Amino acid sequence: MPETTPRGLTGLAFGGDYNPEQWPESVWREDVRLMREAGVTLVSVGIFSWALLEPSPGAYDFGWLDRVLDLLHENGVRVDLGTPTVVPPAWFYRAHPDALPVTARGERLAFGSRGAICHSNADYRAAAVDITTRLAERYGDHPALAMWHVHNEYGVPVSACYCDSCAAHFRRWLARAYGTVDAVNEAWGTAFWGQRYASFEEIDPPRLTPTVGNPAQALDYRRFADATMRENFTAERDVLHRLSPGIPVTTNFMTALSQCDSVDYWAWGREVDLVTNDHYLITDGRRTHVNLAMAADLTRSVAGGAPWLLLEHSTSGVNWQPRNPAKAPGQMARNSLAHVARGSEGALFFQWRQSRRGAEKFHSAMVPHGGTDTRVWREVVELGASVGSLASLRGTRTEADVAVLWDWHSWWAQNLDWRPSEDHDARERADAFYEALYDRHLTVDFAHPEADLSGHPLVVVPALYLMTRAAGDNLRAYVENGGTLVVSYFSGIVDEHDAVHEGPHPGALRDVLGLTVEEFSPLPAGGRVRLTGPGGAELDADVWTEFVVPRGAETVWTYADGLTAGHPAVTRHRLGGGTAWYVSTRLDAEGLDALLGRAAEDTPLAPRADLPRDVEVVRRTGESGTFLFAINHTATDAEVPLGTAGTELLTGGRAAGRLAVPAGAVRVVRLDG
Ligand code: GAL
């Protein structure tokens, strides 16, 4: 069995992507000296090196990589070795131009960047397995090897190819999934607009059409493209397992990035030995530490609650947004340790040394252009020491309070064209509900809609448009058995083929919610509605309203104006031992807090009113003890109740009663007992 943690590490991992091939060998010596100074324990090597390792077809040059691995080993740095299959060499594309991907518009993309791959291409597949085999044969038992890093961020920058090889592969995939073409016709509803197919041969990828194409076809193409990338991952993984037994194999995910919604990480999480993630702050004005917490929680959930590893984040600014602010002093450490609090077994960066050339020369790094007499370097060294002091929490697990349902297939379906309102954004609702839970200091586990939810007193469904019958039954059983459910509008509407569930909306959830929705009534751009609720309290909402007909549910908030005035806006349904809440409009932060506050009263969850806003408190527990993380994202000193006494690991001091967390600081207390 492959191991599930990087081999040879005794503490947490600290380091980054190391690209020595961009530098003369004289710099490598300085690199390892500085790595030791910073407490680096793990680096990712060779991710983009195919052209250097195989400069011409079948001719290999491993000498430089031998020297890099030996040097790292001599200096006690472990290696996460890349298979370089995200960028085949230029000569490969000259020989196999068909391996370049084609867009839905029919344009073939060119070599000269990265990730230009048609995953159905047989020549690419063979070449990827070949270079992986060569690497595994040469380095499979190298003493520096800690883990394998297959490819890079599957799904970006190309999430699907629409070429003829993919068309043929798609037909085979459909034949396996459906058996007969009539089953495809039925699932896709091809009676609509005369799209019926008489044979698999007539089916193409969802290429550019005059107007909206078949939504079920587009949804299946997403599934196909995802499965095809996974086939290529598992082909490489199996080679590595065979030739490098025991060493864990991963590929770096980007779980919470909305631009990277093309892979179903629930499925991928089952294929890797160790879940790893890349996370970058999106600086669009929202609270970046909340988005970070969400990404970390989602990654842990994809790992089934097990420890995972943050493989990339940035020391300071990135260089691919319209504006790329530097991180504030202390922000890097807060970011890194927030990932650790939520289950990461370390913190790695992109990248070790800032590149002088190429597209990412303005992206921050551990060793910046300015060298070691810089704030970034000093903070890197300090963080390395902090991470080093946390070795004892290895293997512990983050404790969660509530569950939020999450399903990539539902995003795919919901983001198809011609929906009731372009202002409704499922991801926005997920972010907003997450933020409301974060502000109530509740730690979130994400869960697949068909997963066992019984361990969670509260389950939130932000906007899960596609929901199978099985998922609906699962939620019903959860509530009947005593759970509290909160469901946001436009959930449970269609089945796995994007077909509306039979009968009134929301087909998968009518019973559990005790209501039907007669009609959606999205608001005009900028439109708002008011809701009146318990004790005359008013809430504000926008984007979406509905005509809700209670069929067992009680009305808690009512629309006060607009087309739906007088109709229920928020309802509550007692079912068996539990309660199901429904909100039929887009509440703002205040409204979501009011809703979750009411719903929480139906649960045993105790309010955490004594914790200040933006002071993040998370616990990891396991055989080595219970560790409380307190991360102060504010500019004001704060205090956090500890409940008991303990040892603060970053400063070595004792803490009891109330823990002081200075402005911008992180504290990690190992609780006594
Ligand atoms: C990641 C990628 C890295 C680097 C980084 C920059 O998505 O894996 O190679 O490009 O972004 O932020």
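Both ligands and their constituent atoms are indexed starting at 1 by order of listing. Source: prediction; values computed, not measured.
When each atom of ligand 1 is checked for a heavy atom of F48 under 4.0 Å away, the hits are 9 (O). Close approach of ligand 1 to W320 is summarised as follows: ligand atoms under 4.0 Å from at least one heavy atom of the residue are 6 (C), 12 (O). Close approach of ligand 1 to E360 (heavy-atom distance below 4.0 Å) involves ligand atoms 4 (C), 5 (C), 6 (C), 10 (O). Listed by atom number, the atoms of ligand 1 under 4.0 Å from E153 heavy atoms are 1 (C), 2 (C), 7 (O), 8 (O).
Using a 4.0 Å cut-off between heavy atoms, E312 contacts ligand 1 through its side chain alone, with no backbone atom that close. Counting heavy atoms under 4.0 Å from ligand 1, residue D278 touches it through the side chain alone. Proximity of R114 to ligand 1, defined as any heavy-atom pair under 4.0 Å, is confined to the side chain (atoms from C-beta onward). When heavy-atom distances to ligand 1 are checked against a 4.0 Å cut-off, N152 comes that close only through its side chain, counted from C-beta outward.
Scanning all protein heavy atoms for the shortest distance to atom 5 (C) of ligand 1 gives Y280 OH, 3.4 Å. Summary of contacts: the protein heavy atom closest to atom 6 (C) of ligand 1 is H363 NE2, 3.1 Å.
In this structure, F62 and Y139 have perpendicular ring planes: the angle between them is above 60°, well past the 30° mark.
Salt-bridge check for D226 with R223: failed, with every basic side-chain N at 4.0 Å or more from each acidic carboxylate O.
Defined by atom type and a distance below 3.5 Å, a donor-acceptor pair is present between the side-chain atoms of T255 and T299. Side-chain contact of W308 with N277: a donor-acceptor pair under 3.5 Å is absent, judged by distance alone. Side-chain atoms of H363 and S314 form no donor-acceptor pair, as typed in the model, at a separation below 3.5 Å.
For the pair R353 and W23, the distance from NZ or CZ to the six-membered ring centre is under 6.0 Å and the angle to the ring normal is within 45 degrees.
When each of F433, Y434, W411, W266 is tested with W406 by the rule ring pair (Phe, Tyr, Trp, His ring centres under 6.0 Å), just one qualifies, namely W411.
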